[in-house]
Structures are given as C-alpha cells and as structure tokens.
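To start, the structure itself, in structure tokens.
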Amino acid sequence: MVEPANTVGIPVNHMPQLKDELDIVIPTIRNLDFLEMWRPFLQPYHLIIVQDGDPSKTIAVPEGFDYELYNRNDINRILGPKASCISFKDSACRCFGYMVSKKKYIFTIDDDCFVAKDPSGKAVNALEQHIKNLLCPSSPFFFNTLYDPYREGADFVRGYPFSLREGVSTAVSHGLWLNIPDYDAPTQLVKPKERNTRYVDAVMTIPKGTLFPMCGMNLAFDRELIGPAMYFGLMGDGQPIGRYDDMWAGWCIKVICDHLSLGVKTGLPYIYHSKASNPFVNLKKEYKGIFWQEEIIPFFQNVKLSKEAVTVQQCYIELSKMVKEKLSSLDPYFDKLADAMVTWIEAWDELNPPATAATAKA
Ligand SMILES: O=c1ccn([C@@H]2O[C@H](COP(=O)(O)OP(=O)(O)O[C@H]3OC[C@H](O)[C@H](O)[C@H]3O)[C@@H](O)[C@H]2O)c(=O)[nH]1
Ligand SMILES: [Mn+2]
C-alpha cells in the first residue's frame, strides 16, 4: 500500500533554488487545499493559477501563498480573439499560465497530486528534483546504461564517447506518479484497482529520435528554451478530443528538442496521484485519439524540420504547416489545430516580445 508523505513539521525553506526564476502553474476546477501538503516545498514560489470552467466560481487558495489567478474572463480579456486557442473545460488551459509567466522555468502540477514518500519514507520535494534535472545536462545522442551520468555517485560508463560527455541543455523534466498511474481509459477500465507502488530511483534522457507520452501532471521545463512549443492544443469544450493535450505538446516539443539539440528527461521525481478520474468520461474524451494516434505517431516520427528553423517559434510554425498538410486528411480537426498552433505563437510573441537592445540594457 503506497501512501502520501506526512509533511507536517517540515520547515519552509525561505531561500529555495530559483525562487525568483520559476513559476508554478496549476490548472484547476477545485479548491487548492492540496497546497497545504506542499507548503514546505512550494510556499516561497510564485503560483500562476489557471481557473477553468465557470469564472464566477471562487477558488480558495490557502493563506501565505503568493499567486496570480486567471479565469476564462481574464483569458478572453488578455488575448482577445486569440483566446480561441486556449482550451476551455480541459486541463489543457494550463498552457495559458506558461504564456503569461515571465520566468525562465515552469513547474506544472495537478491539484490532485500530493507529496510522495521515497522508499526510506522521506517526503519527496518534487520541485527540488525537477530543478536538479533541468540544471544539469542531458545525453540524448548516446544512451548511458547507468542512467543519469551527472548524478552524485554515477558517471558515464566504459565505451561512452568522451566527445559526447558534455551533454546538451535540458529543456524538459518529466516526473512520474505513485498510486494512481496515468493510464488511458481502456487500461483504467481493465485494471481499475491497479496502483503504482514501484519507486524507480532513476532519471534518464529520452534518446534523440524517440517520442514519449508526456504527462502534464508533474512536469517542469525551461520556458526560455522550449516554452513556445508547450502548447497543449485544442481540447475540451467544443472539441472532438480530450486528454491528449499533454500528449500533443510532448510530441511537438520532442521533435523540436531533437532538432535544436535540447534534452528531455524522465523519471524522478515522483508525486502521489490521489484521484482516478472517471474512466467512462475519459473514454469518451480519448476515443478518437486512440485511433488517430496510430497516424499521428508516424507523422511525428517522420518530421524533418529545416535547417533554417533555428528558433522554437520557427520550428513550431513549420510544424503547424506540416500538421495542416499531412494530418487534415485524417480529420478536419487538425486543420483547426494547425491554425490554433499559429494563433498560439502569435499570442505568445505578443505577450513575450523579444527583448530589444534597449530593453535588454534596462
Ligand atoms: O475540465 C477540467 C478538468 C480538470 N482540470 C484540472 O486539470 C487537472 C487534471 O484533472 P484530473 O486530475 O481530474 O484529471 P486526470 O485524469 O487525473 O488528469 C490527467 O488527464 C488530463 C491531463 O492531461 C492531466 O495532466 C492528466 O494527469 C486538475 O488540476 C484539475 O483541477 C481542469 O483544469 N479542467
Ligand atoms: Mn488527476
């Protein structure tokens, strides 16, 4: 039986790493009592809360947290017509938080994710581990069989090319989940009682050329390296698909990271995922994605970005054109999604204008 950690009594660290360079983005339709358990680790950081659903509902945030909160009215006011690219009634809305942030790093977490215990019973400071993952290089070009070579007590193994040991910058840190695993609806239906009790003490770089199913519930990334590609797509209200928000973003960021020689890591940290969402509701949201992805994955596996695409925005716009050209035949939804990808970049650049010489000096 796996249980969340007891964090009562753990003192808040008032000088945590990257305190002023990192925002925590939480999509929510609930009250945020879960933060009480995270207080020792997260209180010093700034939160960006993206309130989904009914904007007239009041979301209670525990005392002592520094936050900004955006509901649908705010999103519409800030983005105007471009708000059409931000999903409604789906956790995909969280990407609005990435766009409005001004910080270098983002940590995003779901409101039903609690502090996990490691095998020794110690509370896992997931954010601290994500920061460690992001601040040390990745090794996407050659697999290190002893996993993360930069970790204390590990290294590159014999036969690992020395020319590759410097590694590349890490853009994404993908964490995992004890208790309720992030299964798709069919798997949830077949294995309703399955709980993940296995804590694997490893962090790995996902090799170049390999896609992966990115889950948004415990995820951190370098916003300056890959932020513009972290669009969670058109999901939820009015859309034919849901629960593929993070998957879509994961496939887009991975082909772009591969193209720009950036690293994506998965493994530690774990969080404790407490709530299984309804598998029948999930099946309705997912079912088109389950057969579409048999075409989408080969599409991403064959993506070749041009050498002229040297910024994330340029890569993303190129990708949107490929989506329109090659996936619209699968369903008209992809034509709409390709347009929304462009709108997302336009909105991103509007809210995050490139620093001019003057502003850079100021
Ligand atoms: O309409 C909605 C529904 C939920 N949220 C917020 O999103 C977070 C995830 O919601 P929940 O924990 O209920 O769903 P899960 O099935 O466990 O989440 C998985 O699937 C959807 C996402 O990809 C998610 O990352 C996966 O873990 C939670 O904070 C809700 O409050 C929402 O904003 N709008
Ligand atoms: Mn959940």
Side-chain angles (χ1 to χ4, degrees), residues 1-13 16-17 22-52 59-67 69 91 93-94 97 105-133 173-183 188 191-203 214-221 243 245-246 266-279 282:
M1 167 76 174
V2 65
E3 286 174 345
N6 171 9
T7 53
V8 173
I10 296 179
V12 174
N13 166 8
Q17 254 189 314
L22 182 142
D23 278 338
I24 299 174
V25 175
I26 306 167
T28 192
I29 49 174
R30 311 173 176 123
N31 281 333
L32 297 177
D33 309 336
F34 88 113
L35 284 171
E36 210 45 71
M37 189 182 208
W38 286 101
R39 188 182 293 277
F41 304 136
L42 303 189
Q43 182 171 317
Y45 292 90
H46 181 68
L47 311 180
I48 296 180
I49 300 161
V50 183
Q51 177 185 341
D52 194 15
I59 297 285
V61 182
E63 280 299 307
F65 283 93
D66 169 56
Y67 69 93
L69 184 145
S91 62
C93 64
R94 74 172 86 214
Y105 299 99
I106 295 286
F107 170 46
T108 188
I109 184 169
D110 289 4
D111 61 17
D112 64 344
C113 294
F114 292 86
V115 178
K117 272 193 286 199
D118 72 13
S120 74
K122 185 169 171 263
V124 174
N125 181 344
L127 180 52
E128 187 182 61
Q129 180 66 47
H130 276 304
I131 290 172
K132 217 177 266 178
N133 293 349
S173 172
H174 177 262
L176 297 172
W177 344 272
L178 291 175
N179 196 42
I180 309 284
D182 189 21
Y183 284 165
Q188 258 187 302
K191 308 171 97 175
K193 294 203 174 3
E194 186 145 295
R195 297 293 177 267
N196 182 27
T197 59
R198 194 182 17 245
Y199 184 101
V200 177
D201 182 7
V203 175
M214 185 174 82
C215 170
M217 94 167 95
N218 171 22
L219 180 72
F221 59 91
R243 287 171 56 84
D245 50 320
D246 38 10
T266 187
L268 298 180
Y270 282 86
I271 51 83
Y272 178 92
H273 186 207
S274 68
K275 200 185 68 58
S277 42
N278 182 304
N282 289 348

Partner of Arg94 under side chain to side chain donor-acceptor pair (under 3.5 Å), picked from Asp246, Asp110, Thr28, is Asp110

dist Ser274:OG -> Asp111:CG (nearest 0.5 Å) comes out at 8.5 Å

Exercise. Is the closest side-chain heavy-atom distance between Ile131 and Tyr105 below 4.5 Å?
Worked result: no

One should read off an interatomic distance between Leu32 CG and Leu47 CG, to the nearest 0.5 angstrom, of 8.0 Å

Output for pair (Glu128 CD, Asn133 CG), nearest 0.5 Å, gives 11.0 Å

One should read off an interatomic distance between Ser173 OG and Ile106 CD1, to the nearest 0.5 angstrom, of 13.5 Å

The reported gap from CE in Met217 to SG in Cys215 (rounded to nearest 0.5 angstrom) is 4.0 Å

Can you establish whether the number of heavy atoms outside Lys122 located under 6.0 Å from its atom NZ is more than 12? no

side-chain contact (heavy atoms from CB on, under 4.5 Å) test vs Leu268 passes for just one of Asp201, Val124, Val200, namely Asp201

*Measure the shortest side-chain to side-chain distance between Leu178 and His273 over non-hydrogen atoms and say whether it is less than 4.5 angstrom.*
no

Requested in this report: If the plane angle is over 60° it's perpendicular, under 30° parallel, otherwise tilted; pick one for Trp38 and Phe107.
Outcome: perpendicular

Value for CD (Gln17) from CG (Leu22), rounded to nearest 0.5 Å, stands at 10.0 Å

